[in-house]
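The block underneath contains the structure these notes are about, expressed in structure tokens.
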Protein chains: 2
Amino acid sequence: MMETLRALAEPSRFQIVELLRDGPRPVGDLVHRLRLHQPQVSKHLRVLSDAGLVEARVDAQRRIYALRPEPLQELEVWLERYRRIWEGNFQRLDALLEELKDEERKSKGKKRVPTKR
Amino acid sequence: MMETLRALAEPSRFQIVELLRDGPRPVGDLVHRLRLHQPQVSKHLRVLSDAGLVEARVDAQRRIYALRPEPLQELEVWLERYRRIWEGNFQRLDALLEELKDEERKSKGKKRVPTKR
DNA sequence: TTTTTATATTCCTCTGCAAGAATATGTCTT
DNA sequence: AAGACATATTCTTGCAGAGGAATATAAAAA
């Protein structure tokens, strides 16, 4: 998880992942699309590979790199545990709106009671 | 997006986010739970705040930090575009299994034709 | 007003890591 | 066999950024 994040938190590597979303590509292709030097691309691919985000299929002298879904799935699972936060927030928002309506209905110039917590 | 990833790709900050998942907390609370020094926690909170992952409510001398869902939602949206990859992979896996069954059925010692591409 | 409490900021140092250059490895072509 | 081509690895340098220590800010308590 941390390794996945660290791998993605670098612009070039992020771009590589984005490119591989459309399908596997050989290194050279990535090189000229990203306009980076070949060694740096290889090094980034190494990091991505170590993080399990990417795997290579050997085709003669070329390596065709493809995305591995597992780490991204893991990320999604992690994120799901946060979903209740924004779902909760919508509840809060509803509550807030109701409160406001109530206030407005009751009295217009009423002092705001600071929402104690 | 990149800023979100960079902010999360640091163990202490990741932990802070995890702690805030259970609700808002003042800085001091985070300090003693993470067993970090207060200045480092404040600095991490600064980074998280700049990334929009966190916001502070002022309570006298204390700042109560809370998660902001937007960046995480954005992350989830980004991830969704990758879902079709693993859904697609299951298709591929099925295809692969069929292929293997075919090969096995036809001939056992057959030379592997390198999947030309 | 002075002191205490809570947090933020600054300055310094040190480590990790990304880019560059050169080279190694390995496979295809001739 | 000797190149040519595709990719990986190594070494070096430079810089961002994380931690430590000291200090600034600002509100509460005394």
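Chain naming here is simple, since letters A, B, ... match the order of the sequence lines and numbering starts at 1 in each.
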Counting just side-chain N and O atoms, does [X] come under 4.0 Å of either OP1 or OP2 of [N]?
| X | N | result |
| --- | --- | --- |
| A/Arg46 | D/dT9 | yes |
| B/Arg13 | D/dA18 | yes |
| A/Ser42 | D/dA6 | no |
| B/Arg6 | D/dG17 | yes |
| A/His37 | C/dA18 | no |
| B/Tyr65 | C/dA8 | yes |

With side chains defined as the heavy atoms from C-beta onward, is the minimum distance between [X] and [Y] less than 4.5 Å?
| X | Y | value |
| --- | --- | --- |
| A/Glu76 | B/Tyr82 | no |
| B/Tyr65 | B/Leu48 | no |
| A/Leu53 | A/Leu20 | no |
| B/Arg81 | A/Glu18 | yes |

In whole angstroms, how far is the [atom2] atom of [N] from the [atom1] atom of [X]?
| X | N | atom1 | atom2 | result |
| --- | --- | --- | --- | --- |
| A/Glu10 | C/dA19 | CD | C1' | 10 Å |
| B/Gln40 | C/dT7 | CD | C1' | 13 Å |
| B/His32 | C/dT7 | NE2 | P | 12 Å |
| B/Ile16 | D/dA18 | CD1 | P | 11 Å |
| B/Leu36 | D/dG20 | CG | C1' | 12 Å |
| A/Leu48 | D/dT7 | CG | P | 16 Å |
| B/Lys43 | D/dA22 | NZ | P | 13 Å |
| B/Ile64 | C/dA6 | CD1 | C1' | 11 Å |

Dump every N/O contact between nucleotides 23-29 of chain C and the protein below 3.5 Å, one line per pair.
unit_1 : atom_1 : unit_2  : atom_2 : d
C/dC28 : O4'    : A/Gln61 : NE2    : 2.8

When you get a sec, tell me which of C/dA6, C/dA19, D/dT7 is the closest nucleotide to the side chain of A/Val27? D/dT7
State, to 0.1 Å, how close A/Val58 and A/Ala60 come at their nearest heavy-atom pair, and which atoms those are.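 Between these two residues, the closest heavy atoms are CG1-O, 3.6 Å.
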If only atom types and distance count, is the side chain of A/Arg13 paired as donor or acceptor with the main-chain N or O of A/Ala7 below 3.5 Å?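 Yes, because the side chain of A/Arg13 sits within donor-acceptor range (under 3.5 Å) of the backbone of A/Ala7.
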Checking the side chain of A/Arg25 only, and the main-chain atoms of A/Leu30 only, is there a donor and an acceptor separated by less than 3.5 Å?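 Not at all, since once roles are kept as given, no pair shorter than 3.5 Å links the two residues.
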